[in-house]
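Every number for a ligand or one of its atoms is a count from 1 in the order of the listing.
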Amino acid sequence: MAEIKLPEVELNIYTPRNPVEVKVVENRIVTSESSPNFVRHITFDISGTDLVDRVRIGQSLGVLPPGEDERGRPHKLRLYSIASPTKGEGGKKHLVSTTVKRTIDEYKEKIYLGVASNYLADLKPGDPVKVTGPSGRRFLLPENAEDFNYIFFATGTGIAPFRGMIQELFEDTGLEKECVLIFGCPYRTDLLYSDYFEEMDENYPNFHYLKCISREDRRPDGTKHYVQSKLEDEKELLRPILDQPNTLIYICGLKGMQEGIYKELIHQGYTGYVEIRKKLPDNVYSMESSSFRRAVKPSARTFEEVY
Ligand code: A2P
């Protein structure tokens, strides 16, 4: 197997005490009109800052929302994954984009609006934003990216880094090996950047876009379509890729999804993607989350960013 050479990255050029101001250049909705969810693609102009040429796809930027929390302290920074390739949004190195979902929830019978996501979603082109970062030193594409096959698992806005990685792999690296994107969301109206991925799927025989819509259809056994269920339902495509020693797995999205993926990989007998630290029972699905998390860790071939 090829050695995985991760690029050296600079971290925290800007910190909460020393943030930098960037400007919004675009803020557009990416969920369909009929969706009850609001996800936006937001692009920042980082010209004139030390972030130019120093952010890589896979990393995140911190956003400092203005104002104070209920205790009168400045709001803490929130991390947002970069959605543009390392060369910049649309190939422009002064543009960096991210994918933001408005957090709207009910808590103790009151409506709760996520501070940073709603602040960002309301911004207009020209508005300034205080950012920090970059952060993240491992969830990156290898320098020798062309040596590997990729299986990307995303739920919801966890798609952000894979949008940029896929652009980078196909436009810049000229990937000839296999790349599979497995994306999960509740309804078809919540598919993100799907026109782009559908087009990629049509244009590149080595790119495969698999969708898992969890609340519309059921699998024949009555269970939901989750990203990990594709490991079972798309064995013909995935097994020959997963069997190769030069395949890497990337996981981004809901905390908890990695457990489902690791359990299914172990259940199917794959050994290279996880490190097993304690003896596992014959039926890995009988394990509680807490003991599973202690016993099973990602291996060098697996990259995860969950929140
Ligand atoms: P569901 O909520 O129907 O159980 P979003 O971030 O847009 O809400 O999408 C998250 C997607 O991930 C949903 O389809 C959700 O399904 C699904 N999901 C929830 N829990 C898990 C899990 N443990 N593993 C994989 N997917 C999950």
Side-chain angles (χ1 to χ4, degrees), residues 29-42 60 78-81 83 98-107 112-114 116-118 120-121 151-163 180-197 209-234 238 242 249-268 270 273-274 284-293 295-298 302-307:
I29 195 143
V30 286
T31 31
S32 85
E33 222 170 278
S34 52
S35 173
N37 299 308
F38 307 99
V39 179
R40 309 187 75 93
H41 181 73
I42 304 183
S60 303
R78 282 14 178 234
L79 291 178
Y80 287 90
S81 295
T98 185
T99 313
V100 179
K101 179 181 184 179
R102 279 191 193 271
T103 309
I104 305 170
D105 215 344
E106 191 184 281
Y107 180 65
Y112 167 82
L113 298 177
S117 67
N118 286 285
L120 284 171
I151 303 197
F152 295 133
F153 292 92
T155 57
T157 52
I159 195 75
F162 301 140
R163 173 187 181 265
V180 184
L181 171 64
I182 308 179
F183 177 67
C185 63
Y187 301 100
R188 280 186 180 76
T189 52
D190 302 311
L191 287 167
L192 300 175
Y193 307 116
S194 65
D195 289 349
Y196 170 66
F197 296 127
Y209 178 39
L210 307 179
K211 291 166 280 195
C212 318
I213 312 289
S214 61
R215 299 192 200 168
E216 290 191 27
D217 318 313
R218 291 280 159 143
R219 298 167 74 218
D221 67 358
T223 58
K224 283 181 162 183
H225 286 278
Y226 273 176
V227 286
Q228 58 270 35
S229 49
K230 289 290 183 221
L231 292 168
E232 175 73 35
D233 299 346
E234 295 284 343
L238 297 174
L242 284 163
I249 283 183
Y250 287 68
I251 299 169
C252 188
L254 280 186
K255 195 185 259 168
M257 68 185 283
Q258 76 278 38
E259 180 182 332
I261 295 167
Y262 299 159
K263 280 188 172 168
E264 188 55 29
L265 287 168
I266 294 167
H267 176 73
Q268 290 194 22
Y270 293 106
Y273 300 98
V274 287
V284 75
Y285 279 108
S286 66
M287 281 180 91
E288 296 275 345
S289 293
S290 53
S291 46
F292 183 80
R293 276 203 302 272
V296 176
K297 305 281 177 196
T302 300
F303 301 82
E304 56 171 55
E305 183 90 350
V306 291
Y307 39 82

Residue, atom name and distance, where the atom is the protein heavy atom closest to atom 14 (O) of ligand 1: S214 OG, 2.7 Å
At under 4.0 Å between heavy atoms, what of M257 touches ligand 1? The answer is both
Name the orientation class of the two ring planes belonging to F197 and Y209 (parallel below 30°, tilted from 30 to 60°, perpendicular beyond 60°). tilted
Distance to 0.1 Å, residue and atom name: give those for the protein heavy atom nearest to atom 2 (O) of ligand 1. R215 NH2, 2.6 Å
Picking from T189, T31, T157, D190, what satisfies side-chain hydrogen bond (donor to acceptor under 3.5 Å, both in side chains) with N37? D190
Steps toward salt bridge (charged side-chain N to carboxylate O under 4.0 Å, His left out) verdict (D217, R188): CA-CA 10 Å; D217 318 313; R188 280 186 180 76; 3.2 Å; yes
Is it true that Y250 and E304 share a donor-acceptor pair across their side chains at a distance under 3.5 Å? no
K224 heavy atoms within 4.0 Å reach ligand 1 at atoms 1 (P), 3 (O), 4 (O)
Flag the pair M257 / V306 as yes when at least one side-chain heavy-atom distance between them is below 4.5 Å, and no otherwise. yes
Is it true that a side-chain atom of S291 and a backbone atom of E288 form a donor plus acceptor pair closer than 3.5 Å? yes
Protein contact of atom 4 (O) of ligand 1 - nearest heavy atom, named by residue and atom, plus distance: Y226 OH, 2.5 Å
Among all the protein's non-hydrogen atoms, which is closest to atom 7 (O) of ligand 1, and how far away is it? P186 CD, 3.5 Å
For atom 24 (N) of ligand 1, what is the closest protein heavy atom, and at what distance to 0.1 Å? Q228 NE2, 3.3 Å
Enumerated ligand 1 atoms positioned under 4.0 Å from heavy atoms of T155: 10 (C), 11 (C), 12 (O), 26 (N)
Residue-ligand contact C185/ligand 1, heavy atom below 4.0 Å: yes
What I'd like to find out is whether the side chain of V227 reaches to under 4.5 Å of the side chain of L210, using heavy atoms alone. no
Which atoms from ligand 1 have a heavy atom of G256 less than 4.0 Å away? 23 (N)
Does even one non-hydrogen atom of E259 get within less than 4.0 Å of ligand 1? no
Tell me whether Y262 contacts the main-chain N or O of R293 through its side chain, where contact means a donor paired with an acceptor under 3.5 Å. no
Taking non-hydrogen atoms only, is L254 closer than 4.0 angstrom to ligand 1 via side chain, backbone, both or neither? side chain
Heavy atoms, side chains only, cut-off 4.5 Å: are I261 and T302 in contact? no
Please state which protein non-hydrogen atom is closest to atom 6 (O) of ligand 1 and give its distance, to 0.1 Å? G156 CA, 3.6 Å
